[in-house]
Amino acid sequence: MNNSSVAIVSGGGTGIGAATAATLRDQGWEVVICGRRPDVLNEVARSTGSHPIIADVSSDADMKRLVTETVDKFGALNGLVLNAGIVRPGAAGDLSDVDWHAMLSTNLAGPFYLIRAALPHLLDARGSIVGVASAAALRATAGIAGYDATKAALTMLIQSVAIDYGPDGIRANSVCPGWTRTEMADMEMSEFGSELGVSREDAYELATAFVPSRRPGSSSEVAALISWLLSDQASYINAATIPVDGGLVAVEPGAIAFDPRVTVRSNSQNNKSPGLPSHLAAAK
């Protein structure tokens with residue numbers, strides 16, 4: 001046992017979760033990372049000095065065990081990073097029951113189970129919670145209705161925790177990343193680029209063409225905000241939902257047609273680019 005602050009990071013084996021584990025460790029935290037894949041989890045543990053626990057966030061029993069093992073090992077629990085999440089494509093009329101329930105289980109029920117299991121210890125420590133939602137929680141994205149809905153619900157769960165337990169010293173906030181370079185995003189951009197006959201880097205450039213910062217974010221940039229929200233430097237930040245998206249959600253969609261880089265294409269031309277939104281197809 002030691003006197004360091006202790007955090008659990010769910011989905012800690014890749015992407016934002018792994019970057020957050022590294023950032024917190026650099027800042028002196030003891031970090032427990034959880035996930036379902038031992039290989040990637042153990043690699044992050046080796047590279048960051050985090051402690052890995054194999055656990056499925058959609059299992060209430062696993063989340064109780066995760067919290068118990070963390071407190072048994074480190075003697076306290078000061079922070080949660082609710083990062084585990086999945087996406088299954090489909091509009092509301094197309095989603096299967098299996099995909100819908102998978103997203104509910106991982107993106108919403110999982111954070112609820114972990115929060116509920118951790119609350120007694122967080123109350124003792126007057127701790128902090130950060131939920132990793134998405135820009136899709138703030139603006140609906142076509143073709144991912146279940147992801148939109150569950151990530152938006154996560155932000156409201158986090159706000160509810162802040163309202164209910166803020167008087168007892170708990171802080172709970174959400175971050176909403178836009179396009180961020182992660183393993184999952186790289187795969188999506190590779191697939192997107194392949195459909196258009198362009199490189200992954202070109203696909204990222206197209207996907208962020210109307211982001212004011214004109215680029216995707218990095219996992220470490222999101223991790224920096226998460227670690228700050230967990231820290232005492234953010235002591236008066238509670239129930240916040242913070243975009244980390246280069247300004248994406250501030251863009252007025254109706255103004256895109258007036259962007260000098262955009263040319264008008266017919267529907268038949270746009271249909272030649274499968275899966276590419278018309279405003280991106282028009283970006284030069």
Side-chain angles (χ1 to χ4, degrees), residues 15-16 85-95 99-100 103 107-108 131-156 158-159 173-182 184-219 221-222 225 240-284:
I16 292 169
I86 61 171
V87 58
R88 298 286 184 267
D94 302 323
L95 274 175
D99 286 345
W100 171 250
M103 285 183 282
N107 300 351
L108 186 56
V132 181
S134 168
L138 304 174
R139 300 288 188 275
T141 300
I144 52 170
Y147 187 75
D148 291 343
T150 53
K151 286 299 188 176
L154 173 61
T155 66
M156 188 53 65
I158 294 296
Q159 288 187 41
N173 299 285
S174 299
V175 299
C176 295
W179 278 114
T180 305
R181 290 182 182 273
T182 64
M184 181 183 296
D186 282 351
M187 288 189 294
E188 292 183 50
M189 286 296 104
S190 293
E191 181 179 348
F192 177 41
S194 177
E195 292 175 351
L196 299 175
V198 301
S199 70
R200 184 171 72 194
E201 288 305 307
D202 287 340
Y204 268 119
E205 185 176 347
L206 278 170
T208 58
F210 298 106
V211 174
S213 293
R214 295 293 193 269
R215 65 173 179 86
S218 69
S219 295
E221 288 174 311
V222 182
L225 176 58
T241 302
I242 305 175
V244 196
D245 63 357
L248 172 65
V249 299
V251 174
E252 164 55 49
I256 289 174
F258 298 94
D259 191 296
R261 297 170 297 153
V262 171
T263 57
V264 176
R265 293 187 178 187
S266 68
N267 287 335
S268 61
Q269 286 175 308
N270 285 334
N271 289 340
K272 292 178 182 178
S273 299
L276 179 62
S278 58
H279 64 279
L280 295 184
K284 294 180 178 179

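Every value quoted in this text rests on a predicted model; they were computed, and no experiment measured them. In this chain, residues are counted from 1 in sequence order.
When all heavy atoms of T155 and C176 are compared, the closest pair comes out as CG2-SG, 4.3 Å. Of all heavy-atom pairs between R214 and D259, the closest is NH2-OD2, 4.3 Å. For A153 against L108, the heavy-atom pair with the smallest separation is CB-CD2, 3.8 Å. The two residues P212 and V251 come nearest to each other via the heavy atoms CD-CG2, 3.7 Å. In plain terms, the two heavy atoms of L95 and G90 that are nearest each other are CG-O, 3.8 Å. Taking every heavy atom of both residues into account, A145 and A92 meet most closely at CB-N, 3.7 Å.
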If you apply the rule side-chain contact (heavy atoms from CB on, under 4.5 Å), what do you find for I256 with V262, and how did you get there? CA-CA 8 Å; I256 289 174; V262 171; 4.2 Å; yes

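Under the 4.5 Å side-chain criterion, counting only non-hydrogen atoms from C-beta, V198 is not in contact with E205. Side-chain atoms of I16 and V175, non-hydrogen and from C-beta on, never get closer than 4.5 Å to each other.
Applying the salt bridge (Lys or Arg N to Asp or Glu O under 4.0 Å) rule to D202 yields no partners; only residues at least two apart in sequence or on another chain are considered. The side chain to side chain contact (heavy atoms under 4.5 Å, CB included) test applied to P216 returns W179, R181, Y204, T208, not counting sequence neighbours. Shown here are the side chain to side chain contact (heavy atoms under 4.5 Å, CB included) partners of E221, two or more places apart in sequence or in another chain: R215, S218. By the side chain to side chain contact (heavy atoms under 4.5 Å, CB included) test, S190 pairs with R200, sequence neighbours left out.
Residue pairs meeting the side-chain hydrogen bond (donor to acceptor under 3.5 Å, both in side chains) criterion with at least one member in residues 241-255, sequence neighbours excluded: Q159-T241.
Side-chain N or O atoms of T182 include none that pairs as donor or acceptor with a backbone N or O of G15 at under 3.5 Å. The backbone N or O of G178 lies less than 3.5 Å from a partner atom in the side chain of T180, making a donor-acceptor pair.
Between atom CD1 of residue I86 and atom CG of residue N107 there is a gap of 5.5 Å, rounded to the nearest 0.5 Å. Residue E191 holds its CD atom at 11.0 Å from CG of L196, rounded to the nearest 0.5 Å.
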Would you tabulate the side-chain donor-acceptor contacts of residues 133-141 under 3.5 Å, counting partners in other chains and residues two or more places apart, or write 'none'?
from	atom 1	to	atom 2	distance (Å)
S134	OG	A136	N	2.9
R139	NH2	V249	O	3.1

